[in-house]
Amino acid sequence: QVPLVESGGGSVMTGGSLTLSCQASQETANHNCVAWFRQAPGAKRREGVARLNTGTLNSAEYIGSVKDRFTISHDAPKKMLYLQMTNLKPEDTAMYFCAAVRRWICPTLSAPWDFTDWGQGTQVTVSS
């Protein structure tokens, strides 16, 4: 069974909005540390965008460049993770991935290698 499956990517103009979805499997739905990463064209590494500990209230964290524009959320009964993106900019263009792991202390956004399960990615393209 595929651990995570993203959807919702697309092409928008600057200032537009998109909501990405990530469907967890029966196994990965129990992972409490969830996050969104992105990899821009030509970039060597994935950049952490937002993370959440589903077992802790108000635990969402964001990188500075998306704070106040992106919102990470989780729907446990549906086994879904979301990333609402508003006021999109061309520099947000990237392949977006959801990631998950079950840990007492969640990995930071600068440590993608600590997340054990990944989706295949969904492309977001923002045109000026």
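All values below were derived from every heavy atom in this structure, side-chain atoms included, with hydrogens, water molecules and symmetry-related copies excluded.
Taking 4.5 Å as the limit, some side-chain heavy atom of I72 sits within range of a side-chain heavy atom of L81. Counting heavy atoms from C-beta on, the side chains of T14 and V126 come closer than 4.5 Å. Side-chain atoms of L109 and V49, non-hydrogen and from C-beta on, never get closer than 4.5 Å to each other. Between S21 and M80 the shortest side-chain heavy-atom distance falls below 4.5 Å. For the pair S7 and T122, the minimum side-chain heavy-atom distance is 4.5 Å or more. Looking at Y62 and R69, their side chains never come closer than 4.5 Å, going by heavy atoms from C-beta outward.
Every pair passing disulfide bond (SG atoms under 2.5 Å apart) that includes a residue from residues 13-50 is listed here, sequence neighbours excluded: C22-C98, C33-C106. Sorted by first and then second residue, the salt bridge (Lys or Arg N to Asp or Glu O under 4.0 Å) pairs with a member in residues 101-113 form an empty list; sequence neighbours excluded. Counting only residues at least two apart or in different chains, salt bridge (Lys or Arg N to Asp or Glu O under 4.0 Å) contacts with residues 38-66 comprise R38-E47, R38-D92, R51-E61. Within the structure, the disulfide bond (SG atoms under 2.5 Å apart) test picks out no pair touching residues 48-92 (sequence neighbours left out). Among pairs with a residue in residues 2-59, those fulfilling ring pair (Phe, Tyr, Trp, His ring centres under 6.0 Å) read F37-F115, F37-W118, at least two apart in sequence or across chains. Residues in residues 50-91 take part in no disulfide bond (SG atoms under 2.5 Å apart) pair, two or more places apart or across chains. Legend: disulfide bond (SG atoms under 2.5 Å apart) pairs involving residues 36-95, not counting sequence neighbours: none detected. Applying the salt bridge (Lys or Arg N to Asp or Glu O under 4.0 Å) test to pairs two or more places apart or on separate chains, none has a residue in residues 72-87.
Taken together through direct or relayed side-chain contacts under 4.5 Å among Ile, Leu, Val, Met, Phe, Trp and Tyr, F70 and I63 form part of one hydrophobic cluster. Follow the hydrophobic side-chain contacts under 4.5 Å out from V66 and you never reach Y82; the two are in separate clusters.
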Checklist line | Stepwise side-chain contact (heavy atoms from CB on, under 4.5 Å) check, L88 with L18 | finding: CA-CA 8 Å; L88 283 162; L18 283 172; 4.2 Å; yes
Next item on the list: Before giving the answer on side-chain contact (heavy atoms from CB on, under 4.5 Å), spell out for V124 and M85 the whole-Å C-alpha distance, their side-chain angles and the decisive distance to 0.1 Å.
Entry: CA-CA 10 Å; V124 172; M85 306 185 294; 3.8 Å; yes
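Enclosure of atom CD in E91 by more than 12 non-hydrogen atoms of other residues, nucleotides or ligands within 6.0 angstrom is indicated. Under a cut-off of 6.0 angstrom, the local environment of CD in Q123 is crowded, with over 12 non-hydrogen atoms contributed by other residues, nucleotides or ligands. No more than 12 heavy atoms of other residues, nucleotides or ligands shown are found within 6.0 angstrom of CH2 on W104.
The OG1 atom of T71 sits 11.0 Å away from atom CG of L52, with the distance rounded to the nearest 0.5 Å. For the atom pair OG (S128) and NZ (K89), the distance works out to 13.5 Å, reported to the nearest 0.5 Å.
Looking at every heavy atom in both residues, P3 comes nearest to T28 through O-OG1, 2.6 Å.
With side-chain heavy atoms closer than 4.5 Å counting as contact, directly or through intermediates, L57 stands alone and belongs to no larger hydrophobic cluster. L4 belongs to no multi-residue hydrophobic cluster, having no ILVMFWY side-chain contact under 4.5 Å with any other such residue. Using a 4.5 Å cut-off between side-chain heavy atoms of Ile, Leu, Val, Met, Phe, Trp and Tyr, V2 falls into a hydrophobic cluster with V5.
Looking only at distances, a side-chain donor or acceptor of E6 sits under 3.5 Å from a matching main-chain atom of Q120.
Looking at residues two or more places apart in sequence or on another chain, you find a side-chain contact (heavy atoms from CB on, under 4.5 Å) between T56 and N53, S59.
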